[in-house]
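Positions are given from 1, in the same order as the sequence printed here. No hydrogens, no waters, no symmetry mates; every other heavy atom, side chains included, goes into these values.
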Amino acid sequence: MVTKKTAPAKKTPERLGATKPTKRKAETANPAASSEIAEPVREFLKKTSIPKGFVNPKPIVLSELRKRVTETNLRPTVSLEQLLASANRIKPADLPVEKLPEDVKDSILALKPGIRRFHGVKIPLYWFPFPWLSSACADRFGYMSSAATRAATKLPFNVATQALLGQLGNMMGDPGRDPNPASHNPADAGVSSIPAGFTYFGQFVDHDITFDVSSTLDAATDANTINNMRSPALDLESVYGRGPGLDPFLYVFPTSGPVTAIKLHRGSNTPIGPGGPSNNGDKSGMVQQTNWDVPRMQGTNTAAIGDPRNDENLIIVQLQHAMLRFHNAVVDLLVAVAFAGDIFAEAKRIVTHHYQWAVVHDFLKRICGVATVNNAMASVSAPIGSSFRMPVEFAVAAYRFGHSMIRDTYWVNFNFPEATLGKVFEFNRDPRLPVFSTWVVDFNAFFDTGVPVPIHNKARKIDSFIANGLESLPGFSGMMAILATRNLRRSLALGLPSGQGMANSFGIAPMTAAQLTSGLPAAEMAVLNSSGGLLLNKAPLWYYVLREAAVLAGGNQLGPVGGRIVAETFVRILKRDASSYLNVAGGFTPILPSSTPGNFTVADLVTFAGVTQP
């Protein structure tokens, strides 16, 4: 992060994640994160090409749009009628590229292929990640709970507790615990009503805001000493990296047309046959895809993307590919309307704001519940630039709910109707890279896009039963290969409060022992009751969140404690970010094509990205 001259206001480190919920304390803006923002960036934030309620007084007509699409060789991902509605919501640029300072205009030209001169160039600051322009210090983890709550309710860090947590974690993914591992019917026990794509969308979002590379499971550690290697902002670092000025290898600079119409590189596939979505609802409607992967380095197949974790498995890397195409589709839209401003900067803003909207209004409202999200919006105080540390109650416990939603098998496409979790990892590893054309994911089976497929993958319910495949993670051995055990041990090492302690701090009645053990196998109940009921009376927060979801919310969303931790963390992240959609002058309403005008879902995102049709 960029170090600013003005020191941030002093705050107690452990309380920077959030104020105590039962007695809220006003947050104050950080001058170093607001007043020192460079003037060009401040001006950029004030103006947007899609102000709320704007409709072009001189609208583009369909014939004109068709002509522009043809002249610029664009391949729209939606119908021209849908594109037209979005096109007429875009306001002409307040600052055309032609009116930029001379050195900036000349520098942009110097970035084009064949010239590639980066030394001494003047690049618009708003091309770079916004947190770089506003952060006063390095990002770190911290706590949402008070020191007193943790001291009174956390588990003792010793060998005996580590062994107990090992027993509990090791049995959470045992075979036979999932009552309907092959079912996609929410009427069956263990099957959620949530489309399975949200499991991996949630993983993608996590990689946008947290990255802990230095904490240990072997020693008690203060979370305030742990660096967060991702900016705590929903700014799509994993897609845009450090921007075209520092990570040009991620980008395709235009060789003709508008000089700022900068797109993201896509990768090619290993061509071995048809795959991906079908154009007729049958296997015969698939085609051999050629560019449905992320870019990769020749020789090693290392993904050339903003976050290497998004190449962890087949589904997440295909979602990363969809996000690259999402940006490119927005660039095409701006080119089609002859947007005269900085197309890259405006496309990035439109993409980011629509993504943030989908996170809140689609993903969070499904996971936390509409009332919980609305309450967080109304109650969380987080002025722009206010201090923040990513709370480990969120990052290490509550937000890891998604681990319980992972299935053991998925309908990937017509070629692979029962792809195991092992295959989902295996077909994203050498020697099966670049991604085989036959394994291209059909996202119509993962989100409710309206395109018919034989199977709509549903996530597992949020509960304390974990997919058996997560007991043998590829590339790891011993405890590190067992995901549930790792989660429990990490919470112990970081001194998280118990689930009951967190509930009391929120003013929520904790779950009873009978509720915590409801429906559990006898062996698991025995572990909870051993050592005087240690794990039952001080339930590990991650485990408590899973049990709460299963017992109090039917497994289809988080319970009151888990939902509040997750919703309040995201709302705080967005409110304190001057560049987020919540801080758009005059308000923000999505304008991209969607199934419901004025809304924008993850299904709309993948549709507009062009990955739901061959």
Side-chain angles (χ1 to χ4, degrees), residues 1 4 6-37 41-42 45 129-146 205-206 208-210 223-224 228 230-237 352-353 355-357 359-361 363-365 368 371-395 398-399 502 505-507 563-588:
M1 292 298 172
K4 302 291 185 183
T6 303
K10 292 182 179 179
K11 287 181 179 275
T12 305
E14 68 184 33
R15 302 295 292 153
L16 297 182
T19 53
K20 188 174 181 179
T22 54
K23 191 175 182 180
R24 296 189 181 277
K25 178 180 174 184
E27 299 264 359
T28 57
N30 183 346
S34 53
S35 63
E36 291 191 3
I37 298 173
V41 179
R42 294 165 68 89
L45 293 177
F130 181 76
W132 285 28
L133 312 175
S134 62
S135 178
C137 60
D139 290 315
R140 293 182 184 274
F141 289 90
Y143 295 96
M144 178 179 281
S145 56
S146 69
V205 173
D206 174 58
D208 193 19
I209 56 177
T210 72
N224 292 291
N228 181 10
R230 272 281 172 247
S231 66
L234 290 166
D235 58 355
L236 290 173
E237 275 184 296
T352 303
H353 285 169
Y355 158 71
Q356 292 172 346
W357 178 281
V359 167
V360 173
H361 294 275
F363 176 61
L364 283 186
K365 287 184 176 180
C368 303
T372 300
V373 174
N374 289 343
N375 287 340
M377 285 288 192
S379 64
V380 168
S381 173
I384 291 174
S386 54
S387 300
F388 179 82
R389 294 196 179 208
M390 182 63 68
V392 286
E393 292 88 347
F394 167 85
Y399 197 67
M502 202 69 201
S505 75
F506 281 150
R564 185 162 172 177
I565 293 172
V566 171
E568 289 193 358
T569 300
F570 274 107
V571 170
R572 189 171 299 277
I573 284 171
L574 288 165
K575 282 191 173 185
R576 64 182 293 273
D577 175 9
S579 67
S580 87
Y581 88 91
L582 289 181
N583 291 314
V584 171
F588 171 82

Inset, instruction - Could you tell me whether a side-chain N or O of Asp208 sits under 3.5 Å from a main-chain N or O of Glu237, the two making a donor and an acceptor? - result: yes
Inset, instruction - Assert yes or no for the condition that the ring centre distance of Tyr399 to Phe570 is strictly below 6.0 Å. - result: yes
Inset, instruction - Enter the distance from Leu582:CG to Ile573:CD1 here, rounded to the nearest 0.5 Å. - result: 11.5 Å
Legend entry - Under the side chain to side chain contact (heavy atoms under 4.5 Å, CB included) test, residues paired with Ala395 that sit two or more places apart: Phe141, Thr210, Met390
Inset, instruction - Begin with the C-alpha distance, continue with both residues' side-chain angles, and end with the deciding distance and a verdict on side chain to side chain contact (heavy atoms under 4.5 Å, CB included) for Ser145 and Met502. - result: CA-CA 7 Å; Ser145 56; Met502 202 69 201; 3.9 Å; yes
Inset, instruction - Kindly compute the distance separating OG (Ser379) from CE (Met377), expressed to the nearest 0.5 Å. - result: 10.5 Å
Legend entry - Nearest heavy atoms of Tyr581 and His353, plus distance in Å: N-CD2, 3.5 Å
Inset, instruction - Ignoring hydrogens and angles, tell me if any N or O in the side chain of Arg576 forms a donor-acceptor pair with the backbone of Ile384 under 3.5 Å. - result: no
Legend entry - Shortest non-hydrogen separation from Thr352 to Leu234 and the atoms involved: CG2-O, 3.4 Å
Legend entry - Minimum heavy-atom distance Ala567-Cys368, with the two atoms named: N-SG, 4.0 Å
Legend entry - side chain to side chain contact (heavy atoms under 4.5 Å, CB included) against Lys365, all qualifying residues, sequence neighbours excluded: His361, Val370, Val373, Asn374
Inset, instruction - Work out which heavy atom in Asn224 is nearest to a heavy atom in Gly142; give both atom names and the distance. - result: OD1-CA, 3.6 Å
Legend entry - Closest non-hydrogen atom pair, Phe506 against Arg564: O-NH1, 3.3 Å
Legend entry - Donor-acceptor contact below 3.5 Å, side chain Arg572 vs main chain Ser381: yes
Legend entry - Shortest non-hydrogen contact between Asn583 and Leu574, atoms and distance: ND2-O, 3.6 Å
Inset, instruction - Would you check, one step at a time, whether the test side chain to side chain contact (heavy atoms under 4.5 Å, CB included) holds for Ser579 with Leu45? - result: CA-CA 6 Å; Ser579 67; Leu45 293 177; 3.8 Å; yes
Inset, instruction - Can you measure from CZ (Phe394) to CD (Glu568) and round to the nearest 0.5 angstrom? - result: 12.0 Å
Inset, instruction - Could you grab the distance from atom OG1 of Thr569 to atom CZ of Phe388, nearest 0.5 Å is fine? - result: 6.0 Å
Legend entry - Asn228 side-chain N/O to Ile209 backbone N/O, donor-acceptor pair under 3.5 Å: yes
Legend entry - Arg230 vs Asp139 side-chain heavy atoms within contact, under 4.5 Å: no
